[in-house]
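Here the structure is laid out as structure tokens; the discussion comes afterwards.
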Amino acid sequence: MAESIRRMLGRETAGGEGVVRGWLRTVRHGKGVSFLDVSDGSCMDGMQVVANPDTEGYEDVVRQLSTGCSVEARGAVVESPGKGQRFEFHATVVELVGEAGEDYPLQKKRHSFEFLRTIAHLRPRTNTIGAVLRVRNAASMAIHEFFQQEDFFYLHTPIVTASDAEGAGEMFRVTTLPIGDPPRDEKGAIDDAQDFFGRPTFLTVSGQLEAEIGALALSRVYSFGPTFRAENSNTARHLAEFWMVEPEAAFYDLNDLADLSERFLKFVFAKVLDRCEDDMAFFAKRIESEAINRMNTVIEKPFERIPYREAVSILEASGEPFEFPVGFGLDLQSEHERWLTEKHAGCPVIVTDWPKDIKAFYMYQNDDEQTVAAMDVLVGGVGEIIGGSQREHRLDVLESTIRGQGLEPDDYWWYLDLRRYGSVPHAGFGLGFERIVQFMTGMANIRDVIPFPRTPGQADF
RNA sequence: UCCCCGGUAGCUCAGCUGGUAGAGCAGGCGGCUGUUAACCGCCUUGUCGCAGGUUCGAGUCCUGCCCGGGGAGCCA
């Protein structure tokens, strides 16, 4: 195998033979010399391949090269006399592997992200999307590393679920019934009993309920996988298919969970900064100047914890002309979240103990009977980045909350069983993976931080 | 789903209050240069999103539709 350009550029010293394989970003011809910017995606920088009339294939290959074609060059790594790179590659042979005609869509100029989305099969070859994909990779691995070192087991929660009551938005139906002529029962309704699973099934909107099963056996688990929402929401923050990280831990209370979330963010961000230095420098320079600073704030500053009640008082006393009202029982808007973390605290903020009426049924009810043990982690620039809670582990309280919200306890029979047999306090949080990639990279649209975005009306590639 | 904005050359965009389409980049040719999204000169490229309508005349105004972007709601 050829050495990657990342490794080649990272060599201690020049000298030595090598092979460069990759795609041509641009080519500059001089009278007796040509410079090929060759990228193989292994790092931000490409390798400057230098060819001259002594290079085999100079006239019939090198002089004919164009942006986008793939090449293989054999030669030697030498110190570069030019500015802009430490090493360059002096080719003795250059071969064309795959040509790219003049209609190659990616030019050596800036393209709009909107246009790049229409050529998602080629956009990973751009600087920005390439860097995004490398950051995604580094962040994914850091997430696994973090949980492994914290003794969390990676639990594979299901993609297909029969529960249509997870309560987190519209779901995609999964069926093998013939769509034009489905079987009917005696009343003329579609006969779900004849469907593949014998009942209606959907793509999961959350692995949390199953993660709780895992936590109440292995003590600490996390799921990290695709999640689906059929909401018709068309924003820079929503995808129909996205990746979610959901740790769940037995014998954790809300404080333990807040501690975990703080360690988690600090660890993952530090790893990404360390392993994607060039990519992050690119984002800070070309996409969002605060990208690295924001991450460093999370890494360096202790998170401040503020109960919701107190947060509301602070916001009310702030004198800030907010667009949306503040008051007990009202959810915090993005503008409130950002003011709390950016102006008030100057560090990430964890808002705890929220009014039960605006939170989900499975959250632990506090002794005041008005609030639940929920938390939102707020960071500068985006607001909420993590949401979690201690779960209600008391059977009677959970059953009455389910009924109180008009839900049917029988639909949750196994979830309630977990409270019947060896129930323990436990807690967990969820975070949208693409949201933290957005936070890290400063990319404005979530469709540009996932390789193949799925949004309403869009499932190409 | 609602509100706002937009859809003009392969790409990024300009085109004022209606008068019949332009720049940069890409591409072609030539020049020059150990070059750095190289540079200089010349040249080519358009069903102006689609369908109607108003008008002597529509890229420009009106209506509908499609697509995209921003904001909102919902959320992760």
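Naming convention: chains lettered A, B, ... in sequence-line order (proteins, then strands); numbering from 1 in each chain.
Atom name P, nucleotides B:C40 and B:U35: the rounded distance is 15 Å, in whole Å. B:G69 sits 23 Å from B:U63 when the C1' atoms are compared, rounded to a whole Å. For the C1' atoms, the distance from B:G59 to B:A21 is 8 Å, rounded to whole Å. Rounded to a whole angstrom, the distance from the P atom of B:G22 to that of B:U44 is 12 Å. Here the separation of B:C5 from B:U45, taken at their C1' atoms, is 29 Å to the nearest Å. Taking atom C1' in both B:C66 and B:A26, one finds a spacing of 29 Å when rounded to whole Å. Atom name P, nucleotides B:U60 and B:U8: the rounded distance is 13 Å, in whole Å. A gap of 33 Å separates the C1' atoms of B:A37 and B:U47, to the nearest Å.
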Identify all pairs in which a protein N or O lies below 3.5 Å from an N or O of nucleotides 65-69 of chain B, and state each distance.
from  : atom 1 : to       : atom 2 : distance (Å)
B:G68 : O2'    : A:Glu114 : OE1    : 3.4
B:G68 : O2'    : A:Glu114 : OE2    : 2.2
B:G69 : OP1    : A:Arg117 : NH1    : 2.6
B:G69 : OP1    : A:Arg447 : NH1    : 2.5
B:G69 : OP2    : A:Arg447 : NH1    : 2.7

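No hydrogens or angles considered: nothing links the side chains of A:Tyr154 and A:Gln148 as a donor-acceptor pair under 3.5 Å. Side-chain contact, A:Glu56 with A:Thr92: no donor N or O sits under 3.5 Å from an acceptor N or O. Neither side chain, A:Gln333 nor A:Glu337, offers a donor N or O lying under 3.5 Å from an acceptor on the other. A donor atom on one side chain and an acceptor atom on the other are not found under 3.5 Å apart for A:Asp37 and A:Thr26. At a cut-off of 3.5 Å, with distance as the only test, no side-chain donor of A:Arg237 or A:Asn445 sits close to an acceptor on the other residue.
Using a 4.0 Å cut-off between charged side-chain N and carboxylate O, A:Arg309 and A:Asp353 make no salt bridge. In summary, A:Glu248 and A:Arg220 do not engage in a salt bridge, as defined by a charged side-chain N under 4.0 Å from a carboxylate O. Salt-bridge formation is not detected for the pair A:Arg74/A:Glu95: no Lys NZ or Arg NE/NH1/NH2 atom is positioned less than 4.0 Å from an Asp or Glu carboxylate oxygen.
For A:Leu122 and B:C11, the CG to C1' distance is 14 Å, given to the nearest whole Å. Atoms CZ (A:Arg123) and P (B:C11) sit 17 Å apart, rounded to a whole Å. Atom P of nucleotide B:G70 and atom CD1 of A:Ile446 are separated by 12 Å, given to the nearest angstrom. Distance, A:Asp448 CG to B:G70 C1': 14 Å, rounded to whole Å. Put simply, CD1 on A:Ile119 is 9 Å from C1' on B:C11, counting in whole angstrom units. In this structure, A:Leu332 places its CG atom 13 Å from P of B:G73, rounding to the nearest Å. The distance from atom CD of A:Glu384 to atom C1' of B:C75 is 8 Å, rounded to the nearest whole Å. One can place OH of A:Tyr104 at 13 Å from C1' of B:A26, the figure rounded to the nearest angstrom.
Taking for each of A:Ala240 and A:Gln333 the nucleotide of RNA chain B with the nearest heavy atom, the 5'-most of the two is the partner of A:Gln333.
A:Leu239 comes within 4.0 angstrom of a base, heavy atoms only. Counting non-hydrogen atoms under 4.0 angstrom, A:Phe242 reaches a base of the nucleic acid.
Listed for the A:Arg123 side chain is a donor-acceptor partner under 3.5 Å among the backbone atoms of A:Pro451.
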Quiz item: Which dot-bracket notation, 5' to 3', represents the base pairing of RNA chain B when pairs are defined as Watson-Crick or G-U with both distances under 3.5 Å, crossing pairs as [ ], and inter-strand pairs as |?
Solution: (((((((..((((.....[..)))).(((((.......))))).....(((((..]....))))))))))))....
Practice problem: Starting at the 5' end of nucleotides 32-43 of chain B, put B wherever the base has a protein heavy atom under 4.0 Å, S where only the sugar-phosphate does, and a dash everywhere else. | Solution: SBBBBBS-----
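Taking the six-membered ring where the residue is Trp, A:Tyr308 and A:Trp354 present tilted rings, their angle falling between 30° and 60°.
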